[in-house]
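Reminder, nothing fancy here: chain letters follow the sequence lines and each chain counts from 1.
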2 protein chains.
Amino acid sequence: MKKTAHLFKALSEEIRLRILALLQDGELCVCDLMAVLELPQSTVSRHLTYLRHAGLVEGERRGVWMYYRLLDSGDPLARDLLRLLAGHLPLFEIIRQDRQALADYLADKKHNRCNEGANR
Amino acid sequence: MKKTAHLFKALSEEIRLRILALLQDGELCVCDLMAVLELPQSTVSRHLTYLRHAGLVEGERRGVWMYYRLLDSGDPLARDLLRLLAGHLPLFEIIRQDRQALADYLADKKHNRCNEGANR
DNA sequence: TCTTTGTATCCGCATATGCGGATAAGGTCA
DNA sequence: TGACCTTATCCGCATATGCGGATACAAAGA
C-alpha cells in the first residue's frame, strides 16, 4: 500500500511526467534528457532514480552511458498507469514541444556526443 | 499539466487512497470517515479538501452534514484513475479491513449519530 | 437568540522533497 | 596508470506538505 502511494508520488511532478513521455518513444540516456529538458545533470539523474525506485523505469549501463526505458514488467498497477499516461500525456502542449525538441536533437548529429552512433 | 501532477499528488498519500476506497461503496460524511479511519476531524476534513481540489470527489451539504462522493464527471484522466483504483485498491488488506470496519459501523445503529436515519 | 452539532480553516511545528553546485564513482581509451 | 567522459550521490538550503489542537463558521432546533 505504501508502495502504491509512492508510485503516485513518483508521478506527481511535472518533470517526471515529461521524462516518462519522452521515454515512450524509446530509451534515452541521461545526457539526452539533459539536452532536451535543459536541466542540470544532477536534477535529471535524481528524477530518474526516483522513477526507478517506483518501478516505472529501468536503467541499463552500456559503456559510459546509462540508458533508461519504461519498465513494462512492473507490478500491474504500474503497468496500467504507464498505459494510461501513454494515452493522456500526448495531449499536453509541453509534451508535444518536448517530443519535437527530442526529434530535433536526435536529428542534429552534432549533438550526438552521447549516442553510440556518433563521433566514435 | 500542473493540474495533472496535482492529481497524482492527491493520490500519493495512503490515507487519501483509503478514503477513496471507502467512497467507492457510496457517499459518506466526515464523521463517518472519522469513525472508520479513527482520525481526528481536522485531518479527515483536510484530506477531503485536497481530494476535492484535485477533482476526485465532490461534497454536498445536507443539513449539518457534508456528504462526499466520488466525482465521476471530472476530467478524463481523473475518471480513468478512479476506475483503475476501483480495480486495484480492493486487493490491499488494509482496504478490506477499512471496508469491514465501515460495514460494522453502519450496522451498529448506536453509532449513527451523523446519519439522517438515526435518533432524529 | 442561544445552544448544540458537524465541518472548515488557522496555527505552529515537524518532516519530506526539490534544487543545483560540488564531489565521488564507474567506464573507456591511449 | 592517467586523462576524460558520463552518471550517481552528497551537501546545504528553500519550499511544500502533513499533523492535530484550537478556533471560526454553518445549520438546525429550543
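- In this entry the distance linking CE of A:Met66 with C1' of D:dC5 reads 15 Å, nearest Å.
- Between B:Leu39 atom CG and D:dG18 atom C1' the separation is 12 Å, expressed in whole Å.
- Using a 4.0 Å heavy-atom criterion, one finds that A:Ile15 contacts the sugar-phosphate atoms exclusively.
- When the P atom of C:dT5 is taken as reference, atom CG of B:Asp32 falls 17 Å away, rounded to whole Å.
- When each of C:dG26, C:dT9, D:dA27 is scored by its nearest atom to the side-chain atoms of B:Ser45, the top-ranked nucleotide is C:dT9.
- Looking at heavy-atom distances under 4.0 Å, B:Arg16 makes contact with sugar-phosphate atoms alone, never a base.
- B:His53 places its NE2 atom 13 Å from the P atom of D:dT17, with the value rounded to the nearest Å.
- Taking the side chain of B:Cys29 as heavy atoms from C-beta on, and the options D:dT6, C:dT7, D:dG21, the nearest nucleotide is C:dT7.
- A salt bridge between A:Lys2 and B:Glu14 is absent, with no side-chain N of the basic residue lying under 4.0 Å from a carboxylate O of the acidic one.
- Closest to the side chain of A:Pro40, from the set C:dT17, C:dG26, C:dG20, is C:dG20.
- Under the 3.5 Å distance criterion, the side-chain polar atoms of B:Ser45 are left unmatched by any main-chain donor or acceptor of B:Gln41.
- Here the two rings, on B:His6 and B:Tyr50, have centers that are under 6.0 Å apart.
- Classification of B:Asp98 and B:Arg18 as a salt-bridged pair holds, one side-chain N sitting under 4.0 Å from a carboxylate O.
- If you check every strand for non-hydrogen atoms under 4.0 Å, A:Arg46 touches a base.
- What separates CE of A:Met34 from P of D:dC5 is a distance of 13 Å, to the nearest Å.
- Residue A:Trp65 places its side chain closer to D:dT6 than to any other of D:dG18, D:dA8, D:dT6.
- In the set C:dG26, D:dA8, D:dG18, the nucleotide with an atom closest to the side chain of A:Val64 is C:dG26.
- Of the candidate nucleotides D:dT17, C:dG6, C:dG26, D:dT17 has the atom nearest to the side chain of B:Tyr50.
- Taking side-chain N and O atoms only, B:His47 has a distance below 4.0 Å to OP1 or OP2 of D:dC19.
- For the pair A:Gln41 CD and D:dA8 P, the interatomic distance rounds to 7 Å; values are reported in whole Å.
- Applying the 4.0 Å criterion to OP1 and OP2 of C:dG20, one finds that A:Thr43 has a side-chain N or O inside that range.
- A straight line from CG of A:Leu37 to P of C:dG18 spans 15 Å, rounded to a whole angstrom.
- Nearer the 5' end of DNA chain D, as judged by each residue's closest nucleotide, is the contact made by B:Ser42, out of B:Ser42 and B:Gly63.
- Using modelled atom types, no side-chain atom of B:Arg16 and backbone atom of B:His47 make a donor-acceptor pair closer than 3.5 Å.
- The side chain to side chain donor-acceptor pair (under 3.5 Å) with B:His88 is formed by just one residue from the set A:Asp80, A:Thr4, A:Asp75; it is A:Asp80.
- Put simply, NE2 on B:His6 is 18 Å from P on D:dT15, counting in whole angstrom units.
- For the OP1/OP2 pair of D:dA8 and a distance below 4.0 Å, the side-chain nitrogens and oxygens of A:Tyr68 include at least one atom meeting the criterion.
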